[in-house]
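Notes follow once the structure below has been shown.
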Amino acid sequence: MSTHAAPLTHARGPRLRAALRRPRVRRGLIAGATVAMLALAAWGAMHAVQPGAFARAFASADWSWVLASALLYAVSQVASALVWRCGLTACGLGALSRRHVVNAHFIGHGACELLPAQLGQVVRYAAIRRHPVAADGCPLRLAGSVGAHKALDGVVTFIVVAVAALVIPLPSAVSGLRWVSAAVLAGLLIALVLAWRSDGERMLARVPRRLQPLVRGLAHGGAIFTSRRHALAAVGFQLVAVGARVLSLAVLLHAFGMPAGAALLVFALMVLSGVLAITPGGVGVREAALVPALVATYGLGTDMTLAFSLGIQATALAATLVCAAFALLSQQLWPPTAAAAAA
């Protein structure tokens with residue numbers, strides 16, 4: 001018996017490896033693993049919040065306005081994906097189709113909503129790598145483009161938040177935030193001017209020789225900061241994304257019967273609390289920042305404010321998962337091909 005078992009087992013290995021080399025099999029395994037990961041993460045995220053809290057959150061909400069808020073949130077994410085597309089074009093990856101970039105953004109953003117500590121960026125990178133152009137020896141440029149997208153997103157959004165903190169009324173409990181925002185904004189503008197005037201080659205020469213290819217590849221992915229045309233387009237799309245997100249929050253506030261004028265304050269507190277958020281979607285950290293500030297500023301009830309905060313998470317999660325599901329379906333039904341990229 002043992003003399004026949006070994007050759008049989010030995011023969012199965014090459015057949016299995018040959019099957020795994022087939023693109024259709026690999027795409028199926030990647031899609032199945034992604035869906036399983038998202039389902040597992042969604043199960044964990046949903047069980048981290050009490051179902052009764054969600055029931056109370058939407059008991060008095062106007063569903064038509066909630067749907068409008070979710071649509072505006074999706075619009076903001078499409079604009080954010082176009083920011084990334086500008087960065088990819090600037091670093092020489094303009095052959096990546098707009099549809100593929102938007103799909104990869106939604107898949108990665110869906111993972112970010114479910115996974116802690118921005119681990120969804122790994123999923124975003126894996127999704128964009130499926131394109132034949134992206135898979136052809138440019139992993140460092142792709143990684144650099146993801147980092148440049150997050151940096152530009154953070155800088156533009158923080159400038160908007162800092163300016164808003166200087167204009168909108170803040171509760172006495174966080175009144176010192178106005179001066180902190182002004183100081184950080186001034187420091188950020190100085191840093192941007194210095195970075196714009198710095199000599200990249202001279203800075204690269206100070207990097208150890210063994211690390212220079214790595215740093216050069218990542219810097220190539222951040223070429224959007226050296227291309228004025230693409231940088232201006234990306235900033236414009238990012239401002240559209242911020243505006244759509246603030247408008248989405250205003251519509252959601254109206255759906256819960258709360259003052260829509262608080263949307264800018266809510267957005268500012270969400271951005272500031274997101275710096276420390278390590279939970280999926282920032283659950284818990286966001287509530288700690290929003291609830292006391294809204295109660296102190298607008299005299300709202302704690303229960304309603306907490307319900308609204310949970311409503312933000314539920315609306316963003318639902319809109320993101322629906323868009324990510326359509327993105328996964330689009331990637332499977334119309335996978336990118338080298339011929340389409342060449343065309």
Side-chain angles (χ1 to χ4, degrees), residues 49 53-54 56-77 79-80 113 153-154 156-182 184-185 238-277 279 281-320:
V49 180
F54 274 103
R56 290 191 299 271
F58 290 98
S60 59
D62 188 334
W63 281 94
S64 59
W65 289 103
V66 172
L67 179 60
S69 176
L71 291 175
L72 286 169
Y73 181 83
V75 170
S76 72
Q77 291 306 314
S80 181
E113 286 288 336
D153 181 352
V156 175
T157 302
F158 184 80
I159 290 176
V160 173
V161 168
V163 172
L166 297 175
V167 176
I168 61 178
L170 295 176
S172 58
V174 292
S175 58
L177 188 63
R178 191 185 309 276
W179 301 107
V180 174
S181 299
V184 176
L185 179 60
Q238 184 60 37
L239 291 176
V240 172
V242 171
R245 186 67 179 115
V246 173
L247 188 58
S248 172
L249 292 171
V251 172
L252 191 63
L253 282 164
H254 180 75
F256 280 85
M258 302 169 70
L264 199 55
L265 175 61
V266 171
F267 179 73
L269 292 173
M270 285 175 57
V271 171
L272 295 174
S273 64
V275 176
L276 302 175
T279 56
V283 177
V285 181
R286 181 185 57 249
E287 281 71 31
L290 283 182
V291 174
L294 290 179
V295 170
T297 306
Y298 295 94
L300 302 172
T302 303
D303 293 339
M304 179 57 69
T305 307
L306 180 60
F308 165 72
S309 183
L310 293 174
I312 294 175
Q313 174 65 17
T315 303
L317 185 62
T320 302

Quick one, Gln77 with Arg245, criterion side chain to side chain contact (heavy atoms under 4.5 Å, CB included). Give me CA distance, side-chain angles, the key distance, then yes/no. CA-CA 9 Å; Gln77 291 306 314; Arg245 186 67 179 115; 5.6 Å; no

Ala260 and Leu253 have their tightest heavy-atom pair at O-CD1, 3.9 Å

Smallest heavy-atom separation, Asp153 atom then Ser80 atom, equals OD2-OG, 4.4 Å

Is the side chain of Thr315 donor-acceptor paired with the backbone N or O of Ala70 at a distance under 3.5 Å, no angle test? no

Tell me, with the steps shown, if Phe267 and Thr157 meet side chain to side chain contact (heavy atoms under 4.5 Å, CB included). CA-CA 10 Å; Phe267 179 73; Thr157 302; 3.6 Å; yes

For the backbone of Ala244 and the side chain of Ser76, can you confirm whether one donor and one acceptor N or O come within less than 3.5 Å of each other? no

Candidate list Leu72, Leu247, Asp62, Val66, test side-chain contact (heavy atoms from CB on, under 4.5 Å), partner Leu252, passing option: Val66

Using the side-chain contact (heavy atoms from CB on, under 4.5 Å) rule, pick out the option among Ile312, Val246, Val271 that qualifies with Val266. Ile312

Would you name the heavy atoms of Val251 and Ser69 that are closest together and state the gap between them? CG1-N, 3.8 Å

Does Ala316 offer a backbone N or O that forms a donor-acceptor pair with the side chain of Thr320 under 3.5 Å? yes

